[in-house]
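Side chains included, hydrogens not; waters and symmetry mates left out as well; all remaining heavy atoms used. Position 1 is the first residue of the sequence, and the numbers go up from there.
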Amino acid sequence: MRFSVLLLSSIAPAFIAAHGKIAAVQGDAGGNGTAIGIQGGIIPGAGKNKVTEPDTTIFGSTKVATNGLGKTKGQGKNTVAMVADTMEQSGSTLPQVSDGGMITGTFHIVTTDGAGPVSAMIDTTGTGAFSTGVQANVMQDVPGNKGNIKANGQVPRSLEHWALRARGLVKRASNVNQDYPIAVQVPAGTTCSGTVAGQQNVCFMKIANSNKAGPFGGVIAFQMSDGSSSDSSSGSAVAKRFVA
């Protein structure tokens, strides 16, 4: 399945909901959601770090293919059960994706270390087992240089950023508060086997940057619109929780 640059540029996420977080997503076949741990409008976009970052997911490794759902400063370890909370915020239908289709949405850059580029990995078991997951293709990426961006939204050049860091002039990440569209293609033939929040045939998608201060991003739950599932008992693995 091919997508033109013009098509991706025209994607306008229906929801604008920070480091960096998955504020809202939708499937190309319907349904919408947020990343696990998102607290919605109670978190301000602008302000001091301690008030803008509570629901930003932090992962334990810069390698996207690492088990775990991450954690947030506000709620601690993310768990499979928290998918129910995301559904309360965004409706009873998880994002639905057609075969070879797309997840699109809003990536909210909270602070200067929460930018792109990002990588995406799919766990078809809905448990957080990303080490055995499937790499997804990021079709529309988040701006940034190794996870960094300037407070005004401009991307720093590599030499500029590292020269400042070497001289000790890079201070603690500052507020950015900007939204950027993101689009990730789910590989054709993907099947989901997770049982999550009363939903069958669920996959998880982890989207994260590689900033060593984090990394930052989020995990979303979705389903294939044709109900694709693997005929196995792996859905029972929902009881197994991974720590980031």
Side-chain angles (χ1 to χ4, degrees), residues 11-47 49-59 68-97 101-111 114 118 120 122-123 126-128 142 175-184 186 192 194-208 214 216-225 238 241-242 244:
I11 293 172
F15 303 88
I16 302 297
H19 332 331
K21 64 183 180 182
I22 314 300
V25 292
Q26 44 276 319
D28 70 305
N32 57 81
T34 69
I36 297 172
I38 293 295
Q39 298 181 50
I42 67 172
I43 304 296
N49 290 3
K50 66 180 181 180
V51 300
T52 60
E53 295 176 351
D55 66 345
T56 300
T57 291
I58 306 168
F59 296 105
L69 304 178
K71 62 183 179 181
T72 67
K73 292 182 179 179
Q75 301 181 87
K77 176 188 172 184
N78 289 333
T79 67
V80 172
M82 292 169 71
V83 171
D85 297 328
T86 71
M87 296 182 70
E88 288 182 3
Q89 295 185 60
S90 55
S92 59
T93 303
L94 292 171
Q96 304 292 302
V97 182
M102 302 277 283
I103 289 282
T104 61
T106 300
F107 190 99
H108 184 77
I109 298 181
V110 185
T111 57
V118 298
I122 295 172
D123 160 33
T127 63
V142 181
N175 191 249
V176 177
N177 189 32
Q178 292 195 31
D179 294 308
Y180 294 92
I182 187 171
V184 181
V186 176
C192 303
T195 300
V196 179
Q199 305 295 308
Q200 303 294 318
N201 308 329
V202 177
C203 284
F204 281 162
M205 178 185 288
K206 177 181 180 181
I207 301 174
F216 309 107
V219 174
I220 63 169
F222 70 93
Q223 295 168 307
M224 302 306 295
S225 61
V238 71
R241 305 292 169 79
F242 292 95

- Query: So which heavy atom on Pro44 is nearest to which on Val51, and how close?
  - Reply: CD-O, 3.3 Å

- Evaluate the side-chain contact (heavy atoms from CB on, under 4.5 Å) criterion for residues Asn78 and Val219: first the C-alpha distance (whole Å), next the side-chain angles of each, then the deciding distance (0.1 Å), finally the verdict. CA-CA 9 Å; Asn78 289 333; Val219 174; over 6 Å; no

- Message: Just so I know, are the side chains of Phe107 and Asp179 near enough to count as touching, which here means a heavy-atom distance under 4.5 Å?
- Response: no

- Item | Results of side chain to side chain contact (heavy atoms under 4.5 Å, CB included) for Gln75 - residues two or more places apart only | Gln39, Thr72, Met82

- Where is the tightest heavy-atom contact between Met87 and Ser92, given as atom of each residue plus distance? CE-O, 3.0 Å

- For the residue pair Ala221 and Val83, what are the closest heavy atoms and their distance? CB-CG1, 4.1 Å

- Message: One thing to verify: whether Lys21 and Asp55 come together as a salt bridge, which I'm taking to mean a side-chain N less than 4.0 angstrom from a carboxylate O.
- Response: yes

- Query: Looking only at heavy atoms, which two atoms of Ala35 and Gly218 are closest? And how far apart?
  - Reply: CB-CA, 4.1 Å

- How long is the gap from CD1 on Ile22 to OG1 on Thr106, to the nearest 0.5 Å? 9.5 Å

- Query: Going through the distances and angles, do Ile38 and Thr86 end up as a side-chain contact (heavy atoms from CB on, under 4.5 Å)?
  - Reply: CA-CA 7 Å; Ile38 293 295; Thr86 71; 5.9 Å; no

- Message: Could you measure the distance from the NZ atom of Lys73 to the NZ atom of Lys50? Nearest 0.5 Å is fine.
- Response: 11.5 Å

- Note on the structure: Rounded to the nearest 0.5 Å, the CG atom of Asn32 sits from the CD1 atom of Ile103 at a distance of 10.5 Å

- Hey, mind stepping through Val25 and Val184 against side-chain contact (heavy atoms from CB on, under 4.5 Å) and telling me if it holds? CA-CA 10 Å; Val25 292; Val184 181; over 6 Å; no

- Separation between CD (Gln223) and CD (Gln96), nearest 0.5 Å, reads 4.5 Å

- Item | Validation row: Thr52, Asn177 side chains within 4.5 angstrom (heavy atoms) | no

- Item | Nearest atoms (heavy-atom pairs only) where Gly105 meets Gln26 | CA-NE2, 3.2 Å

- Query: Taking all atoms of both residues into account, what is the closest heavy-atom pair of Gly33 and Pro95, and its distance?
  - Reply: N-CG, 3.9 Å

- So CD1 of Ile182 and CE of Met102: to nearest 0.5 Å the spacing works out to 10.0 Å

- With sequence neighbours left out, what residues match Phe222 under ring-ring contact (aromatic ring centres under 6.0 Å, His included)? none

- Task: Show the numbers, then the answer: is there a side-chain contact (heavy atoms from CB on, under 4.5 Å) between Ile220 and Phe204?
- Result: CA-CA 6 Å; Ile220 63 169; Phe204 281 162; over 6 Å; no

- Any donor-acceptor pair under 3.5 Å from Asn49 side chain to His19 backbone: no

- With rounding to the nearest 0.5 Å, note down the distance linking CD1 in Ile36 to NZ in Lys71. 16.0 Å

